[in-house]
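Data block below; observations after.
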2 protein chains.
Amino acid sequence: MTGRAAEPEVIWARPERTGRGPRPAYTRADIAAAAVRIADAEGLDAVSMRRVAAELGCGTMSLYNYVPRKEDLYELMVDAAGGEHELWEPRGDWRADMLRVAHRTRALMHRHPWLPRLMSPVYGFSPNALRYLEHCLACLDPLEAPYGTKLELVAMLNAVVTSFVANELATAERARSLPWSEEQENAMRGAYLGGRIATGAYPRMAAAFAEDPGPIDLEAVFERALGRVLDGFAPRR
Amino acid sequence: MTGRAAEPEVIWARPERTGRGPRPAYTRADIAAAAVRIADAEGLDAVSMRRVAAELGCGTMSLYNYVPRKEDLYELMVDAAGGEHELWEPRGDWRADMLRVAHRTRALMHRHPWLPRLMSPVYGFSPNALRYLEHCLACLDPLEAPYGTKLELVAMLNAVVTSFVANELATAERARSLPWSEEQENAMRGAYLGGRIATGAYPRMAAAFAEDPGPIDLEAVFERALGRVLDGFAPRR
DNA sequence: TCGTAGTTACGTACGGCGTACGTAGTGCGC
DNA sequence: GCGCACTACGTACGCCGTACGTAACTACGA
């Protein structure tokens, strides 16, 4: 063995306590909670090893006893958020159950607006992610399809929900790091877009914007999107 | 006017040349190309203002004459990549045309693996994004639906493609910043997952993994996903 | 025609980041 | 009860984005 720093590992496989040495002062849950608190209050970019350590009240480098790399801290955060997902006994209607899953996921992301950004496929197998996946599959028991198809359904639903919420939250989250307000940002991007469209170079875009001046009902758009995804998996008759 | 540093602006609205002062040494395209070259070769995290300036052969701070903030550099990159999208005259079959769009988008993301990470909804209105959108709408001319629905279709297709490719590339891109190889990473995550499943706590996951030992055909999965999205928008008969 | 305002170019510097490394103290397993 | 694996954490390094100041330069208004 040359250097042991480069040994691959998943944080979930590493035991929280090994027996030897002093009792650790914090649990993984403590650390995740601290990081989540910071991200909720000040945005994901405020989550640094130093900041989390300060929140916990310990030295910066002590954190590295619990979390080998910053990426693992992110994994902890995603898993902690996933733990808030309350599951239920499926009622036998897979469509209704999956709609419920999607709505809860959206609500979760509204509560933790940094979630979409961390929703990398890599973090897909944390303990709570496994719980969540198993629950989705349970909801899909009534659907007659191979598990492969069911996994594709879950993946697609998650993709659509994540993308939708990311869109919803985009400017709001962006505004955190900008030296001007969200309203200014929106006004300015709107003005620019209007100018571009007014050139006549994008006739269909122009028509699209001219089409319906009514306010967009995000809830309806979301519901429609979910319905379409699920329709794609309904057994043909 | 107090400070003019905080005036909101889109980089695309700012003229490349104002007339006064010395002739700029580079164009926006030069800068975008340099950044894209670095990201392609060394990963997105290697793209820093210093690195891009070095690639161009100018001082770090000179870059800020062209690009007010690093985020704008990202916008430039996304737009430059979008410029590679070759468009065509729609043939009248919106389904076939949208499939083609999706396949080209996927190919583009394979060529520029950092694209999914930058595919924030905020960058949605760069010049080439507008071109792309207009082209999608042109492809959708034969589809009898309001423009709102068509935009929803494009958004959903993009979400699915982006999520799919992000999944495809996940470990490969991740391996760039890890001190161990992609194979080690995969082996280790696989071993961990196998261990979790072997506990029996996730019976459906276990069944899913036991179901089909054959190799997954990514192309087929992709095609199926696209088909399902488009089905959701096909006019009911 | 010429002064000057608005540019470009870019060196220096600041505060922050992730984290490698070394040292000191602690408590379980042999 | 010895030793080792662990915890705690200060220091330091090399990055990062970027604010600011200075010098050279050019097109415009007088």
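The sequence lines fix the lettering, A, B, ..., with proteins before strands; numbering per chain opens at 1.
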Give every pair of a protein N or O atom and an N or O atom of nucleotides 8-16 of chain D that lie under 3.5 Å apart, one pair per line with the distance.
{"from": "D/dA8", "atom 1": "OP1", "to": "A/A25", "atom 2": "N", "distance (Å)": "3.2"}
{"from": "D/dA8", "atom 1": "OP2", "to": "A/Y66", "atom 2": "OH", "distance (Å)": "2.9"}
{"from": "D/dA8", "atom 1": "N7", "to": "A/N65", "atom 2": "ND2", "distance (Å)": "3.4"}
{"from": "D/dC9", "atom 1": "OP2", "to": "A/G59", "atom 2": "N", "distance (Å)": "3.3"}
{"from": "D/dC9", "atom 1": "OP2", "to": "A/S62", "atom 2": "OG", "distance (Å)": "3.4"}
{"from": "D/dC16", "atom 1": "OP1", "to": "B/S48", "atom 2": "OG", "distance (Å)": "2.8"}

Whole-Å distance separating the [atom1] atom of [X] from the [atom2] atom of [N]:
X     : N      : atom1 : atom2 : answer
B/D72 : D/dT18 : CG    : C1'   : 13 Å
A/Y64 : D/dC6  : OH    : C1'   : 19 Å
B/I31 : C/dA9  : CD1   : P     : 9 Å
A/L56 : D/dT7  : CG    : C1'   : 15 Å
B/R20 : C/dC2  : CZ    : C1'   : 13 Å
A/L73 : C/dG18 : CG    : P     : 9 Å

My understanding is that only residues two or more places apart in sequence, or in another chain, count here; which of them pass salt bridge (charged side-chain N to carboxylate O under 4.0 Å, His left out) with A/R117? A/D45
Using a strict cut-off of less than 4.0 Å between a Lys/Arg side-chain nitrogen and an Asp/Glu carboxylate oxygen, indicate whether B/D40 and B/R37 qualify as a salt bridge. no
Pairs under 3.5 angstrom only: tabulate donor-acceptor contacts from the side chains of residues 195-204 of chain B to other protein residues two or more places apart or in another chain.
{"from": "B/R196", "atom 1": "NH2", "to": "B/Y202", "atom 2": "OH", "distance (Å)": "3.3"}
{"from": "B/T199", "atom 1": "OG1", "to": "B/R196", "atom 2": "O", "distance (Å)": "2.4"}
{"from": "B/T199", "atom 1": "OG1", "to": "B/A201", "atom 2": "N", "distance (Å)": "3.3"}
{"from": "B/R204", "atom 1": "NE", "to": "A/D141", "atom 2": "OD1", "distance (Å)": "3.1"}
{"from": "B/R204", "atom 1": "NE", "to": "A/D141", "atom 2": "OD2", "distance (Å)": "2.8"}
{"from": "B/R204", "atom 1": "NH1", "to": "A/E134", "atom 2": "OE2", "distance (Å)": "3.4"}
{"from": "B/R204", "atom 1": "NH2", "to": "A/D141", "atom 2": "OD2", "distance (Å)": "2.8"}

Return the set of residues passing ring-ring contact (aromatic ring centres under 6.0 Å, His included) with A/H110 (not counting sequence neighbours), or none when no residue passes. none
Hey, could you give me each pair passing salt bridge (charged side-chain N to carboxylate O under 4.0 Å, His left out) that has a residue in residues 13-36 of chain A? Not counting sequence neighbours. A/E9-A/R14
Between A/E71 and A/R17, the residue closer to the 5' end of DNA chain C by nearest nucleotide is A/E71
Please list all pairs passing the side-chain hydrogen bond (donor to acceptor under 3.5 Å, both in side chains) test where one or both residues lie in residues 157-166 of chain B, with sequence neighbours left out. B/Y132-B/N158
